[in-house]
Amino acid sequence: MSSKKKLIVIIGILAFAAVTYIFLSKGDIGADGKGLRRLKVEAFKVESGWGYRVLDKGTPIIEQRSVPGIPGNNGFKDEKSALKTAKLVEQKLEKGIFPPSISMSELDSLGIDY
């Protein structure tokens, strides 16, 4: 094979790799540029306050009915606290941290009352 043909093949392979990388890295971006993330969080009311769910493409993968990392079964005092904690769990899952345990010091750093 001549050097021109080798160069054309190499350029073709690099171009294919670049297009594939761009397509895969932008695959979760919607038309509005905000993204179509896989995970979503939501808060819900429980008897003792608030809990949260983490959903993967609409399917609940974690349902937390009480404040994690502390003894007892008390829910969060308000919806905002439940969502703050759920966002931290979501971030941990997106980083590949499993299980996404929450400690008392993390609750404190989020300003969660328990």
**Prompt:** Does K77 come within less than 4.0 Å of D113, counting only side-chain N to carboxylate O?
**Reply:** no

Rounded to the nearest 0.5 Å, the CD1 atom of I62 sits from the CG atom of L39 at a distance of 8.5 Å

**Prompt:** Going only through I, L, V, M, F, W and Y residues with side-chain contacts under 4.5 Å, is there a path from V89 to I97?
**Reply:** no

Cluster overlap W50 with L83, hydrophobic side-chain contacts below 4.5 Å = yes

So, do P68 and Y114 sit near enough that their side-chain heavy atoms are less than 4.5 Å apart? no

* **Sub-4.5 Å side-chain heavy-atom contact between R53 and F44** => yes

(Q) Are more than 12 heavy atoms, taken from residues, nucleotides or ligands other than D56, located less than 6.0 Å from that residue's CG atom? (A) yes

Taking every heavy atom of G51 against every heavy atom of A82, the minimum-distance pair comes out as O-CB, 3.6 Å

- Does a salt bridge link R65 with E63, judged by any charged N lying under 4.0 Å from a carboxylate O? yes

Minimal heavy-atom distance between L93 and P100, with the atoms involved, is CD2-CG, 3.8 Å

key: Validation row: L107, I70 side chains within 4.5 angstrom (heavy atoms)   = yes

When every non-hydrogen atom of G69 is compared with those of M104, the smallest separation belongs to O-CG, 3.3 Å

Correct closest heavy-atom pair for F76 and S66 would be CE1-O, 4.1 Å

Checklist entry - Got a salt bridge between E106 and K92, using NZ or NE/NH1/NH2 to carboxylate O under 4.0 Å? => result yes

Separation between OG1 (T85) and CD (E90), nearest 0.5 Å, reads 12.5 Å

- Show your working on side chain to side chain contact (heavy atoms under 4.5 Å, CB included) between V41 and K87 and close with a plain yes or no. CA-CA 7 Å; V41 298; K87 286 285 188 188; 3.9 Å; yes

Distance col, row T59:OG1 vs R38:CZ, nearest 0.5 angstrom, shows 10.5 Å

- Should we say atom NZ of K45 is surrounded by more than 12 heavy atoms from elsewhere, each under 6.0 Å from it? yes

- Indicate whether the side chain of D108 and that of S105 have a donor and an acceptor atom separated by less than 3.5 Å. no

